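Okay, structure first, notes after.
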Amino acid sequence: MNDYLKGLNERQREAVMTTEGPLMIVAGAGSGKTKVLTTRIAHLMAKGVDSFNILALTFTNKAAAEMKERVEHILANREARNLYIGTFHSVFARILRAEAHRIGYPNAFTIYDTDDAKSVVKAVTGELNLDVQHYKPNQVYNRISGAKNALVSPREYLVDHHIQQEDMRSNRPMIGQIYDAYAKRCFKNGAMDFDDLLYKFYELLKNFPEVLHKYQHKFKYIMIDEYQDTNPAQYEVIKLLGAAHENVCVVGDDAQSIYSFRGATIQNILQFQKDYDDAKVIKLEQNYRCTQNILAIANEVIKQNKGQIPKTLFTENETGEKIKLVRTMTDNDEGKFIADAIQELRLRNHYTNKDVAILYRTNAQSRSFEESLRRHNIPYTIFGGISFYQRKEIKDYIAYLRLIVNPKDEEALKRIINYPIRGIGKTSVDRALLAANERDMSMWEVLEQAAYFGFKGGTLTSIEEFVLMIKSFASMIDKQNAYDIAFHVGKQTGFVKELFNDKSTEGVQRYENVQELLNSIKEFVETPTNEESGEVGDKSLSAYLQQIVLLTDSDQKDPNADTVKLMTIHAAKGLEYPVVFLGGLEEGLFPNQMSLNTREELEEERRLFYVAITRAKGRLYLSYANTRYRFGQLVQSDQSRFINEIPEQYLDHSYAGGGVKNQGSKWGQGSAFERMQRGFPQGGTPASKSSAPEKTHVASLIQNNKPKEVAHTPSANFVPSDPATLAEGMRVEHQKFGFGTVQKLEGSSHNPVATILFEQNGEKKIMLNYAKLMIVN
DNA sequence: TTCCTAAACTTTTTT
DNA sequence: AGTTTAGGAA
């Protein structure tokens, strides 16, 4: 037997050895799923399959990196380089890069991140004369995203009765039109959003049989991780790619399906056997991760859900400790309790920082944990903030690079056309945009012919200089590497210098970030193989840009650092820790208020709870706070219903939280007494009184320190006079400040400034270009 | 055009 | 509470 098969149990080995035909591996939490997948790839190669013919798709870069690393480890010196292991998005983007011209996109197309996409939505909504307040870009974008994930085109969207009814009901009947305009604009900009990477790839395979054939032939063996989280677009692509050989191996756990909000449908995994009638199903039911107690409550909890693939997880691990349940008075107490507990675990139980994870439902909860950890001097890492590449200064810098690679990229253009300030303001931009839309040209093309489009004077000169500068950068693309271009851009635009000159704390930080960006580009250029994709070669600027946009915050932080890890439960999927704290187990927070509408939503929350529990190998702490600040207001909540689903025998209530003695479940259930108190908003519990100091008085005092303005109602016949006719000594009326006398006239002819002594409001400097003044006499 | 303040909105989860 | 946006002032 081959060495790599020795560490596997019987079921796992069967999964590895079943290389031909459709295979579904139902892998319970901690059952060695990644091990099976990686060993299976190694096994395929040992059997003589060319690594070139193997495709493995994951959802996160982290999972892809881990899989790749482990395959390389098993294979030792054998070639793993040609393996296609990556996220759906990165692998599809890479293929689209090669084939984009077929669907009318430039091969160096831009990938819009969520911010870019929302900005485009906002722009086209405005152009359709729709109220951006009502058609909120965020909501509209989510709706569009949902459509794409379900493979609904703008045309289909507009004629689909069900969809139209939904939009009518939400009083947003024009979303279809926005979707249509949005799609057209993205296409015109040579840009795809995240969802397009799936959607356009599907269209490519669907409409170009020769392309489909090429990749069907290439990917003879396909493996999909976390299959329960695939959406219809991903599902259809897999179906198309696998249709020729049907060597499709999916791995998943229906109990861990937690991404339906992103369009994932649990049906994909439930229906696998119907899609492939000769599909083999292997269940991995032995858990190697958790103690018996942890696994027991996980099983108890998930039992409450309906319609699962039947399976029973078991473990041969030790019983372990009971699950500690802790109630605290406030969210801050919860943070304090956890920090104290971590210190105790380190001291008495020889745990290190990196053994511990604090998990929560929403990102907003990280604040109190962060604070208490900092106070206790416990090093920590938060996963899931904004990505390094989302920072403003980095996005600005990258916008230059994007524009060089793809001048049609309007979002990039708008971002940097006047940054650093070069005298091309909003008015000029709007004019250029209008001209571009009227003629169906790109804004860049309008700028190229600025004189023809009627730009004059200083603005024209500025535009021409700008266009010339970008063109000179673009001419470097074929001759110089990404780093040299980027460095040159930073220098030439004055961008880096401007940041360097800003000596404020934030300014220094921004400058350092830009230096870090340059380092990352240098590293990209100098690393012989592209670690993300395993691909040799493409070191172009556009390759760099396409890669970084798909990186998340988590990808840029070291998971092995000796720090306590803080993250949402979603971000924790696939990970494991010796000690897990799960905070905020309160009704309305977890399960979240937003997910209480249907049974399906509640069941997804429960699966999320299941995922959270099963991250823990040894010790699990569940905590909740009596009161917590939400939306800046103190709210009280009951303990989560999920706690009630855990049999009492597994729980240990004896832990004190944050100096507050735990009252046990008698109190936690929400006693009549508590409910009564809550019924009287004026009553005010001691907690709410002490935690919510009355700040309003202080605030109003500070505001009152400002010089008071005496109100003035403009005369009925108020008509602004021509500022040019103004002279010193004249008596004038201002709409707000009332009557006054011109003391002095100064400033350039472009920007005249008058100093006026107002009778009621004292001396003010008035910019005559903008303020309205009427000469009284 | 740019800066400042007040108001409004946020908070479900992410490639 | 903190952050982003809109509108007004200069």
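A, B, ... follow the sequence lines: proteins, then strands. Residue 1 opens every chain. It should be emphasised that the depicted structure is a prediction, and the values quoted were computed from it without experimental measurement.
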### Task
State whether a side-chain donor-acceptor pair under 3.5 Å links S90(A) with T87(A).
yes
### Message
Ignoring hydrogens and geometry beyond distance, is a side-chain donor-acceptor pair present between R415(A) and S119(A) at under 3.5 Å?
### Response
no
### Query
Among dT10(B), dT15(B), dT13(B), which is the nearest nucleotide to the side chain of H89(A)?
dT15(B)
### Query
Within this structure, what is the CE-to-P distance between M192(A) and dT15(B), rounded to whole angstrom?
20 Å
### Message
By a 5.5 angstrom centroid cut-off and a 30 degree plane limit, is there stacking between F88(A) and dT15(B)?
### Response
no
#### Entry: Proximal nucleotide (of dT15(B), dT14(B), dG2(C)) relative to the R367(A) side chain
dG2(C)
### Message
What is the distance, to the nearest angstrom, from the OH atom on Y360(A) to the P atom on dT14(B)?
### Response
9 Å
### Task
Starting at atom CG of D555(A), determine the distance to atom P of dT14(B), rounded to an integer number of angstrom.
12 Å
### Message
What is the distance, to the nearest angstrom, from the CG atom on N231(A) to the P atom on dT15(B)?
### Response
14 Å
### Message
Just to verify, which of N142(A), T125(A), V132(A), V120(A) counts as forming a side chain to side chain contact (heavy atoms under 4.5 Å, CB included) with P137(A)?
### Response
V132(A)
#### Entry: Out of dA6(C), dT15(B), dT14(B), whichever nucleotide has its closest atom nearest the side chain of A571(A)
dT14(B)
## Note on the structure
From the candidates dT15(B), dA6(C), dT12(B), the one with an atom nearest any side-chain atom of T552(A) is dT15(B)
### Task
Examine the side chains of S368(A) and E334(A) and answer whether a donor and an acceptor come within less than 3.5 Å of each other.
no
### Query
Within this structure, what is the CD-to-C1' distance between Q365(A) and dA1(C), rounded to whole angstrom?
15 Å
### Message
The side chain of M594(A) is closest to which nucleotide in this list: dT1(B), dT12(B), dT14(B)?
### Response
dT12(B)
### Task
Write down the distance between CG (L596(A)) and C1' (dT12(B)), rounded to a whole number of angstrom.
12 Å
### Task
Report the distance from atom CG of D116(A) to atom P of dT15(B), rounded to the nearest whole Å.
16 Å
### Query
Looking only at N and O atoms, is any donor in the side chain of R361(A) or the base of dT13(B) less than 3.5 Å from an acceptor on the other one?
yes
## Note on the structure
Rounded to whole Å, the CZ-C1' distance (F261(A) to dT14(B)) equals 5 Å
### Task
Check the angle between the aromatic planes of F261(A) and H570(A) and answer parallel, tilted or perpendicular using the 30° and 60° thresholds.
perpendicular
### Query
With respect to the side chain of F631(A), which nucleotide from dT2(B), dT15(B), dT10(B) is positioned closest?
dT10(B)
### Task
Please tell me which of the listed nucleotides, dT14(B), dT11(B), dT12(B), lies nearest to the side chain of A364(A)?
dT11(B)
